[in-house]
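Computed from a predicted model, the values in this text were never measured in an experiment. Order of the sequence lines fixes the chain letters, A, B, ..., with proteins taken first and strands second; residue numbering starts at 1 for each chain. Values reported hereafter were calculated over all heavy atoms of this structure, with side chains retained and with hydrogens, waters and symmetry mates removed.
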Amino acid sequence: MSTPENQPSANFIRQIVSNDLAINKHNGKIATRFPPEPNGFLHIGHAKSICLNFGIAQENQGTCNLRFDDTNPEKESIEFMQSIEKDVQWLGFQWTAEYHSSDYFDPLYDYAVQLINQNLAYVDSLSAEEIRAYRGSLTEEGKESPDRNRPIAKSLDLFKRMREGEFEDGKYVLRAKIDMASPNINMRDPTLYRIRRTHHHRTGGDWCLYPMYDYTHCISDAIEGITHSLCTLEFEDHRPLYDWILDKLQTPCHPQQIEFARLQLEYTVMSKRKLAQLVIENHVKGWDDPRMPTIAGLRRRGFTPDSIRDFCERIGITKKDAWIKMAALESCIRDDLNENAPRAMAVLKPLRVVIENYPDEQVELLTAKNHPQKEEMGTREIPFSKIILIEQEDFSLVPPPKFKRLIEGGEVRLRGAYVIKCEKVITDTAGNVIELRCSYDKVTLGKKPEGRKVKGVIHWVSEQHSIPAELRLYAPLFTEANPEAQSHFLETLNPNSLEILSDSRVEASLANAKPETRYQFERCAYFCVDSDSRAEKLVLNRTVSLRDSK
RNA sequence: UGGGCCGUCGCCAAGCGGUAAGGCACGGGGUUUUGAUCUCCGCAUACCCAGGUUCGAAUCCUGGCGGCCCAGCCA
């Protein structure tokens with residue numbers, strides 16, 4: 001995976017970092033952080049940020065913290081925190097230290113007092129609606145709040161009483177005093193603190209005053225000694241505010257915020273709000289539904305950490321809005337699984353085949369390679385008997401051109417076994433093929449047949465030895481490349497995103513397969529054992545099909 | 001339409017004034033007891049457009065055009 005020498009590709013952020021290192025900007029130190037809000041599960045877009053932040057730290061012997069940006073208690077929870085920790089580790093990264101924005105509520109408060117003392121912040125009594133009205137518009141300047149020139153002592157007193165819980169939610173906010181005429185709306189006296197009488201998952205009822213993202217993030221970065229604060233493009237307009245706050249305060253350092261484009265993947269959605277809606281409204285079975293672009297979903301689907309990291313490396317880091325095709329992700333997991341997944345045989349939609357000239361009670365244990373190119377992956381035994389099951393699709397009464405599988409009167413190779421010939425087709429009254437009567441050529445085991453060419457090879461399982469399995473096949477969750485561009489993204493939900501095959505049979509060697517075990521079912525697809533799987537009834541998810549150049 | 005950012009092959013993406021890397025996708029040949037893998041070959045006289053500077057421009061300048069983001073007491 002990655003590049004052969006494991007050299008990460010050049011990108012503008014790594015260039016900035018190398019440059020800073022070259023001029024000894026931070027005494028040779030590089031410190032990054034991955035700062036999710038614990039309000040949902042991580043998705044593949046987060047993986048991009050994780051690989052970048054942890055990657056840059058690793059490449060430069062630096063540090064990378066995991067920081068939960070938990071300043072909005074209404075949407076956050078311990079469960080989400082735990083899922084995030086698990087997913088980051090599963091992806092293969094270990095943070096230097098774990099922090100929470102809420103760890104900094106005290107210093108954050110003290111810094112706010114400093115700002116008030118410097119006459120750079122004030123307590124405002126305008127309502128949310130009034131503040132919006134006063135803010136102006138994209139083309140019109142805002143106007144100053146009547147409270148903007150509230151005496152420092154008065155703001156100090158009010159701010160203290162806000163913290164003490166004297167006022168109801170929304171009564172006052174703390175605002176930075178910057179410039180109501182700024183062309184950058186983020187600089188029009190942004191709100192720094194709001195009153196929220198909400199239980200916080202970590203600080204409980206200690207606070208009824210919570211700091212806003214813009215105020216919190218820069219200071220948290222500075223407290224942790226972050227050198228490069230990497231975030232997505234939509235925060236570009238916030239950078240002047242990030243810098244303004246740190247410029248006005250005597251913080252330990254002044255990190256550099258650098259923005260990059262967020263990941264956009266076709267045929268899915270990537271906003272936590274929408275993913276949460278899919279879960280809450282039961283359009284999927286949970287955050288880890290294999291159709292979800294969440295780390296947990298991809299994991300359950302059968303993706304490997306390597307494949308996701310490879311994907312993040314392949315798509316690169318730029319400032320350009322890019323739409324990545326599913327094929328790019330699929331290529332990554334195919335490359336990994338082709339290399340590492342043991343092969344096995346499974347028949348998704350069985351068709352019964354009786355080999356008439358094969359002895360009734362005979363069972364042969366045939367030896368099959370677990371990987372066609374990698375001897376070190378070993379072999380396994382596969383029972384062969386008189387009645388086998390093949391794929392319905394591998395037989396055709398009216399074969400299309402170039403069909404190289406079984407036809408009436410034709411021969412085909414059973415993978416790892418004999419060449420068989422279709423002697424008779426049995427149909428039901430409706431004309432459906434329900435069984436095949438074949439003969440086998442006993443000298444073709446491990447040998448080419450003499451005097452003729454048999455081009456097709458098909459997979460099979462022994463009827464009496466195979467194990468019933470439920471196979472879950474997935475298609476994209478949405479029917480439009482960009483569901484969010486539609487009037488409502490749910491309108492483009494794909495009604496056929498899940499297909500369940502409950503009559504499939506897998507070879508006997510899968511008997512004790514544990515969840516998260518991955519296989520290539522030869523000629524078919526890669527599958528991964530699901531957490532719903534039981535000894536009596538195996539359940540597997542199709543991760544991705546094999547390339548098919550038919 | 002105020003501000004910010006972006007525009008190199010169908011989709012990503014290197015390139016940083018010296019004459020267009022790579023990946024995905026696609027097309028074709030070879031090998032193959034997986035129509036898989038592997039392998040070989042092909043795939044931008046061209047970098048949003050128009051001018052300009054230069055011996056030389058995707059790279060610099062000017063002017064257009066197109067796209068994305070911002071008016072939460074969300075992050």
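When the side-chain nitrogen and oxygen atoms of T318(A) are compared with OP1 and OP2 of C6(B), none of them lie within a distance under 4.0 Å. R343(A) has no side-chain polar atom (N or O) that falls below the 4.0 Å cut-off from OP1 or OP2 of U34(B). OP1 and OP2 of G3(B) both lie 4.0 Å or more from every side-chain N or O belonging to R239(A). Proximity of R135(A) to the phosphate of G72(B): a side-chain N or O atom is located under 4.0 Å from OP1 or OP2. Contact annotation: R188(A) side-chain N/O to G3(B) OP1/OP2 distance is not under 4.0 Å. Checking the phosphate oxygens (OP1, OP2) of C12(B), no side-chain nitrogen or oxygen of K320(A) falls inside 4.0 Å. Distances shorter than 4.0 Å separate some side-chain N or O of R196(A) from OP1 or OP2 on C74(B). Considering only side-chain N and O atoms, Q15(A) lies under 4.0 angstrom from the phosphate OP1 or OP2 of G15(B).
The 5' end of RNA chain B is approached more closely, in terms of each residue's nearest nucleotide, by I317(A) than by the other of I317(A) and P190(A). Each of E236(A) and L414(A) lies near RNA chain B, and the nucleotide nearest E236(A) is the one positioned closer to the 5' end.
When heavy atoms are screened at a 4.0 angstrom cut-off, Y193(A) is found touching no nucleic acid atom at all. Within the nucleic acid shown, G142(A) has no heavy atom closer than 4.0 Å to any nucleic acid atom. Base engagement by S137(A) is indicated by at least one non-hydrogen atom pair under 4.0 Å involving a base atom. Within 4.0 Å (heavy atoms only), A328(A) reaches sugar-phosphate atoms of the nucleic acid but no base atom. If you check every strand for non-hydrogen atoms under 4.0 Å, T232(A) touches nothing. Nucleic acid contact for I315(A): sugar-phosphate only, since backbone atoms but no base atoms lie under 4.0 Å from a heavy atom of the residue. Using a 4.0 Å heavy-atom cutoff across all strands shown, L126(A) reaches at least one base atom of the nucleic acid.
C69(B) and A58(B) have their P atoms separated by 31 Å, with the value rounded to a whole Å. C41(B) sits 32 Å from A57(B) when the C1' atoms are compared, rounded to a whole Å.
Electrostatic pairing of K374(A) and E339(A) counts as a salt bridge here, judged by a charged N lying under 4.0 Å from a carboxylate O. Note on E391(A) versus R523(A): no salt bridge recorded, every NZ/NE/NH1/NH2 to OD/OE distance being 4.0 Å or above.
Taking a pair to require two hydrogen-bonding distances under 3.5 Å in either a Watson-Crick or a G-U wobble arrangement, C24(B) pairs with G10(B). The nucleotide U62(B) finds its pairing partner in A50(B), both defining distances of the Watson-Crick or G-U wobble pair being shorter than 3.5 Å.
A donor-acceptor contact closer than 3.5 angstrom links the side chains of S102(A) and R202(A).
Each of H100(A), E98(A), E224(A) was checked for a side-chain hydrogen bond (donor to acceptor under 3.5 Å, both in side chains) with R67(A), and the lone residue meeting it is E224(A).
G4(B) shows a glycosidic angle more than 90° from 0 and is accordingly assigned anti.
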Please assess I324(A) against E266(A) for the test side chain to side chain contact (heavy atoms under 4.5 Å, CB included), listing each intermediate value before the final yes or no. CA-CA 6 Å; I324(A) 308 297; E266(A) 290 187 344; over 6 Å; no
